[in-house]
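Below: the structure, in structure tokens.
Computed from a predicted model, the values in this text were never measured in an experiment. By convention here, the first residue in the shown sequence is residue 1. All values below come from the heavy atoms of this structure, side chains included, with hydrogens, waters and symmetry mates left out.
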Amino acid sequence: MKKLIIANWKLNPTTLKEAQRLAGSISSKAKNTVVLCPPTIFLSQVGFKNLGAQDCFWQERGAFTGQTSALQLKSLKIKYCIVGHSEKRATGDTDEMVNAKVKSLLENKITPVMCVGFGTTVEQDDLEVVDILRHQLDIGLKGVDASKVIVAYEPVWAIGTGKNASPEHAEKISLFVKTKYNASKVLYGGSVNLYNAKPFLDQPNIGGLLVGGESLIPSHFNQIINM
Ligand code: PEP
């Protein structure tokens, strides 16, 4: 079955030319469904079938300097938008803000990719993880039809560190999120690379991957999207 693989380019690359070159080097005929999330400023000029934004604001218009709304993303035919990434939570996004963003995206028919995850150590057991995730999910999905939302499980200690969670742990969490919250898909993210991606994709309840650093290396990313 096809899995969903989302590339989060974060604040890379630094020029439009490079962004176009990078997008052009990603296979458009991959085995799995691929979504590229370049920086917002490049979204309208990076040609790729499925594009996503890395964040949005919950209000559609008005006096909100520097923000980008779901309504504006819709005008560019953007299909997906990440919300609640730990790097946004670290600069102040709360579960309530994430919830407001999810609602605004759904109103604009954009699929939210809601990131959940926490923790600074690998030493947390599954029950402890579930307990804290429950809080993020209860608030983030409050009043929302979760069957229209993709949840990305990203342990914070695994993001950009070179230390990934085990596929078995991610599978357990995915099963929990699917059964308890009815999310349309659960992705795993956190130091996914060419060498560790396959066992995650082989798990029945992991619907795909959210890939950061490795998505900037086309020779690696093109192999991941074809696994
Ligand atoms: C991310 O930013 O969502 C992510 C998973 O990053 P990385 O793959 O670099 O750990």
Side-chain angles (χ1 to χ4, degrees), residues 1-6 8 32-33 35 52 55-56 58 70 79-90 93-159 163-192 196-197 199-212:
M1 200 171 118
K2 264 193 180 193
K3 302 261 170 160
L4 178 67
I5 304 191
I6 302 184
N8 178 14
N32 294 299
T33 305
V35 177
D55 189 35
C56 71
W58 57 86
K79 297 182 186 163
Y80 299 84
C81 181
I82 298 170
V83 290
H85 192 281
S86 65
E87 287 153 15
K88 290 298 299 179
R89 291 179 187 266
D93 274 22
T94 63
D95 290 317
E96 287 75 13
M97 291 175 186
V98 172
N99 178 247
K101 291 177 182 189
V102 167
K103 285 179 174 161
S104 182
L105 287 166
L106 289 176
E107 275 161 23
N108 285 287
K109 306 222 169 343
I110 296 171
T111 302
V113 181
M114 188 179 111
C115 298
V116 294
F118 68 96
T120 50
T121 165
V122 193
E123 303 305 325
Q124 280 138 336
D125 66 27
D126 294 347
L127 282 179
E128 203 180 346
V129 172
V130 160
D131 224 40
I132 301 176
L133 287 189
R134 207 176 262 143
H135 186 77
Q136 292 182 334
L137 290 159
D138 284 349
I139 301 175
L141 295 174
K142 198 170 177 184
V144 164
D145 177 359
S147 71
K148 297 196 166 106
V149 176
I150 294 169
V151 171
Y153 171 53
E154 299 207 308
V156 174
W157 53 261
I159 299 179
K163 289 186 214 141
N164 57 283
S166 74
E168 295 72 27
H169 166 72
E171 167 67 9
K172 269 189 217 161
I173 300 299
S174 300
L175 183 59
F176 160 72
V177 176
K178 271 177 72 175
T179 50
K180 202 93 181 95
Y181 292 89
N182 194 32
S184 79
K185 271 188 183 34
V186 185
L187 313 181
Y188 168 75
S191 292
V192 169
N196 62 23
F200 288 104
L201 293 171
D202 286 343
Q203 303 295 326
N205 289 291
I206 297 181
L209 301 167
L210 181 52
V211 185

| Less than 4.5 Å apart, any side-chain heavy atom of L4 and any of V35? | yes
| task | Mind checking the CE-NZ spacing from M97 to K88? Nearest 0.5 Å is all I need. | result | 9.5 Å
| note | Heavy atoms of V156 and S86 approach each other most closely as CG2-CB, 3.8 Å
| field | Side-chain (D145) to main-chain (S147) donor-acceptor, under 3.5 angstrom | value | yes
| field | N/O donor-acceptor pair under 3.5 Å between K101 side chain and C56 backbone | value | yes
| Between N205 and V186, does a side-chain contact (heavy atoms from CB on, under 4.5 Å) hold up when you go through it step by step? | CA-CA 7 Å; N205 289 291; V186 185; over 6 Å; no
| field | pair Y153-V129: side-chain heavy atoms closer than 4.5 Å | value | yes
| request: Take F176 and E171 through the test side-chain contact (heavy atoms from CB on, under 4.5 Å) and record every step on the way to the result. | output: CA-CA 9 Å; F176 160 72; E171 167 67 9; over 6 Å; no
| request: State, to 0.1 Å, how close N108 and A70 come at their nearest heavy-atom pair, and which atoms those are. | output: ND2-CB, 3.6 Å
| Is a donor on one side and an acceptor on the other found under 3.5 Å between the side chain of T111 and the backbone of Y80? | no
| query | Does the S184 side chain pair with the main chain of V149, one donor and one acceptor, at a distance under 3.5 Å? | reply | yes
| task | Identify the residue among L209, L201, L187, T33 that makes a side-chain contact (heavy atoms from CB on, under 4.5 Å) with K3. | result | L201
| request: Compare every heavy atom of M1 with every heavy atom of N32, then report the nearest pair and how far apart it is. | output: OD1-O, 4.4 Å
| query | About how many Å separate OG of S191 and CD1 of I159, when rounded to the nearest 0.5 Å? | reply | 8.5 Å
| said: Any side-chain to backbone donor/acceptor pair from Q136 onto I132? Under 3.5 Å, distance only. | reply: no
| request: For the pair S104 (side chain) and A100 (backbone), establish whether a donor and an acceptor sit closer than 3.5 Å, ignoring hydrogens and angles. | output: no
| field | Check: H85 and N8 side chains under 4.5 Å, non-hydrogen atoms | value | yes
| task | Answer whether the closest heavy-atom distance between the side chains of R89 and T94 falls below 4.5 Å. | result | no
| request: Spell out, as yes or no, whether a donor-acceptor pair under 3.5 Å connects the side chain of D93 to the backbone of V83. | output: no
| query | Once you round to the nearest 0.5 Å, how far does NZ of K163 lie from CG of N196? | reply | 14.0 Å
| request: Decide whether K103 and N99 meet the rule of one side-chain donor and one side-chain acceptor closer than 3.5 Å. | output: yes
| Taking side chain as C-beta onward, heavy atoms only, is I110 less than 4.5 Å from L106? | no
| message | Taking the side chain as everything from C-beta on, heavy atoms only, tell me whether V192 gets closer than 4.5 Å to N164. | response | no
| note | The residue among D138, I173, V151 that forms side-chain contact (heavy atoms from CB on, under 4.5 Å) with L133 is I173
| said: Any side-chain to backbone donor/acceptor pair from Y188 onto A165? Under 3.5 Å, distance only. | reply: yes
| Flag side-chain contact, heavy atom, 4.5 Å: M114 against L137 | yes
| request: Would you check if the distance from the ring center of H169 to the ring center of F200 is below 6.0 Å? | output: no
| field | More than 12 heavy atoms from other groups under 6.0 Å of NZ on K79 | value | yes
| message | The test is side-chain contact (heavy atoms from CB on, under 4.5 Å); show your working for L210 and C115 and say whether it passes. | response | CA-CA 9 Å; L210 181 52; C115 298; 3.8 Å; yes
| query | Hey, what do you get for CD (E154) to CD1 (I82), rounding to the nearest 0.5 Å? | reply | 7.5 Å
